[in-house]
Protein chains: 2
Amino acid sequence: MSEKEQKKATIYDLSVKSGASASTVSAVLNGSWRKRRISEETAKRIMSLAKEHKYTANQQARGLRSSRSGLAGLLLPVYDTRFFSSMAQTFEVQARKRGLLPVVVSGRRDPDEERRTVESLVSYSIDSLFIAGATDPDGVHKVCVRAGLPHVNIDLPGELACSVISDNRHGARILTSAIIRHAQQAGPLGPDDVYMFGGRDDHASRERTIGFHAAKTEAFGTFAGNDTESTGYSPSMTALAFERFYDRHGRLPRCFFINSSINFEGLLRFMGKHDGEAFGDIVVGCFDYDPFGSFLPFPVYMIRPNISEMLEKGFELLETPEAASHIVLVESQLVLPRTALEGPLDELKDNS
Amino acid sequence: MSEKEQKKATIYDLSVKSGASASTVSAVLNGSWRKRRISEETAKRIMSLAKEHKYTANQQARGLRSSRSGLAGLLLPVYDTRFFSSMAQTFEVQARKRGLLPVVVSGRRDPDEERRTVESLVSYSIDSLFIAGATDPDGVHKVCVRAGLPHVNIDLPGELACSVISDNRHGARILTSAIIRHAQQAGPLGPDDVYMFGGRDDHASRERTIGFHAAKTEAFGTFAGNDTESTGYSPSMTALAFERFYDRHGRLPRCFFINSSINFEGLLRFMGKHDGEAFGDIVVGCFDYDPFGSFLPFPVYMIRPNISEMLEKGFELLETPEAASHIVLVESQLVLPRTALEGPLDELKDNS
DNA sequence: TTGAAAGCGCTAACAA
DNA sequence: TTGTTAGCGCTTTCAA
């Protein structure tokens, strides 16, 4: 009741009440008071006054003056995937741990929108930007450079800035080996039985394709044949690719690698349309982890990128002065079928 | 190369170059120039100058002066769920459509953290806040009131502010009816075969429980018995509940309602530990939609809340002057097993 | 149709 | 150890 909307207290209000000057109050409240040699006593007095009046600094004013904002940006292609939503969740925790307010935005895989989005972040003077899976990382990079904005690429490398990415090649290789081994338990397998769906002409997809082929070569020796189908990161395009394959062969490949959980949704759509049929004899590998995906009615091997380590390394890079553009690789984890890993949700307090 | 880091242009730079005053430039660049009766010619000149110099307004300065920020906040409990990540995605689109920059944060189901988080948003002078599933909506409400911050509850109602929520009772009822009907196809079913797992003592869970019981009464007439197990929104607690049931009965219920996809992950954990067993004869309903969940090796009925409509209505409420606290109900959609719905991902440009 | 001037709340020299 | 002062870049009266 009594908690009406009240004008927020400013350092001037506290300055009057405390008898100290505004700059003293300012120094106390932003933590620089020790090095400004303000007496412990004054500091205490001001702090308790601040608490009493529920003072919180106006970040716009602070930012305007200091040309920092305390905002950390994360640019995602989309949220709506367990991979990217875990990234948002983890980013939030790590940013807040550093006293930053996370601002997560999505560029929706559109180079123009990516640039506009980053420009709008720049107009808020964000302090740093994590670029996760931009379609055009180097375009975004240029915007950052013009603005003097420190930034790192996460998960998809750019040429021009530091990048922290998964070891896509190695991950794809162990994933492919795993599904091949599994499929071989059901009988002899040839290279034509092992396919790859999804991805586009980006660094991650290229590396994964190399790893995929390396594993096939290891299993079958040299082989020839068209064994990959590039569909972009689109569920519907991927569904079409499965339809085409099905039309031609009367079934899905015994064993296949799906480039991401987004593409995996394309398989779901395909399955939704082929209701009567069984898929019990396929073996699938997906370069992404989704807990529900892991329990589908056929064996699904998954790769879980180590998001938390990628972000930690990203923050480290930003805190490191002026490292030249280079790439940091982070190992990811092979997840066996029917595995429900713990995730960010498990760290929550939940008292019920 | 030539795009070095350059000091950002200000209205004063443009004022000098254009020969107009700073206030004229300001008016032109923030769109208020028509009503300030500035000549089309001056306006054009300044605008082209602005484009040439890639001028973008400093939002901190603008916000400081006008005590608005152009930021719209969304408080989530967690990101890492298809429901909440869809909400983040949809919120982003709708906020940007209105010229706002979305700031999505998570309160991690901790009342203290929720309040602190909102306070930090307040210190950035955000213009409005959407509260989605706060543990303590009314605590958050108070923070908003003190700050004069317009806000709405989404998906979980508060007593004190306007709320837009799913029709939980009706949704639960049709979901429960659907799984009962499905399970009855496999043979006679009694009320003891129909269970509910998950949730806590919040409005959504209570309403869903009522709907659940209404459907059971409709199917079986009156009945008695302990048929719900409240586990909070925690995968591990939910897994334990399934373990306990399994220990007592040697199997899972033939037919059960899971309160949310977070609780559903608890079922996955249970299944991961019971590898050899079949779950082919259970029928599950989940109050949330997850595309992968829909294709698990047993029938899964799901409810998809209409996120986009909830958010639209939320924006409308905020734009409406001073409506008294009330609740807007939004219908959700029953999703049959093995259904891959389109989602926000499908609106993306994706040129393979 | 335009400009001058004040000030949003804060920080950081520089003085005292 | 503390206070004075001058802005950060913008919006907004008010006056011309």
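Just so you know, these numbers use all the heavy atoms, side chains as well, and skip hydrogens, waters and symmetry mates. Letters go in sequence order (proteins before strands), and every chain restarts at 1. Values in this document were obtained by computation on a predicted structure and should not be read as measured data.
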(request) Please round to 10 degrees the angle between the axis of the first five pairs and the axis of the last five pairs in the helix from dT1(C)-dA16(D) to dA16(C)-dT1(D). (result) 40°

(message) Is there a side-chain hydrogen bond (donor to acceptor under 3.5 Å, both in side chains) between S21(A) and T24(A)? Walk through the geometry before answering.
(response) CA-CA 5 Å; S21(A) 74; T24(A) 300; 3.1 Å; yes

(request) Report which part of the nucleic acid S67(B) touches: base, sugar-phosphate, or nothing (heavy-atom distance under 4.0 Å, all strands). (result) nothing

(request) Go along nucleotides 8-16 of chain C 5' to 3' and tag each nucleotide: B for a protein heavy atom under 4.0 Å from its base, S when only backbone or sugar atoms are that close, - otherwise. (result) BBBBB----

(request) Decide yes or no on side-chain contact (heavy atoms from CB on, under 4.5 Å) for V78(B) and F83(B), but give the supporting numbers first. (result) CA-CA 10 Å; V78(B) 293; F83(B) 173 61; over 6 Å; no

What pairs of donor and acceptor atoms, side-chain ones from residues 124-133 of chain B against any protein atom, are under 3.5 angstrom apart with sequence neighbours left out?
from	atom 1	to	atom 2	distance (Å)
Y124(B)	OH	S69(A)	O	2.5
Y124(B)	OH	G70(A)	O	3.4
S125(B)	OG	Q60(A)	NE2	3.3
D127(B)	OD1	S69(B)	N	3.0
D127(B)	OD2	R68(B)	NH2	3.2
D127(B)	OD2	G70(B)	N	2.7

Backbone of [Y] reached by a side-chain donor or acceptor of [X] within 3.5 Å:
X: T90(A); Y: S308(A); result: no
X: H141(A); Y: G139(A); result: no
X: S66(A); Y: R62(A); result: yes

(message) Tell me every residue that passes salt bridge (Lys or Arg N to Asp or Glu O under 4.0 Å) with K313(B), counting only those two or more places apart in sequence or in another chain.
(response) E309(B)

(request) Sequence neighbours left out, what passes salt bridge (Lys or Arg N to Asp or Glu O under 4.0 Å) with E319(B)? Give chain and number order. (result) R98(B)

(message) Give me the atom names and distance for the closest heavy-atom approach of Y233(A) to R109(A).
(response) CB-NE, 3.5 Å

(message) Whether R96(A) and E92(A) form a salt bridge (side-chain N of Lys/Arg under 4.0 Å from carboxylate O of Asp/Glu) is what I want to check.
(response) yes

(message) Going 5' to 3' along DNA chain D, between which two nucleotides do contacts with chain A fall, using a heavy-atom cut-off of 4.0 Å?
(response) dT1(D) to dG9(D)

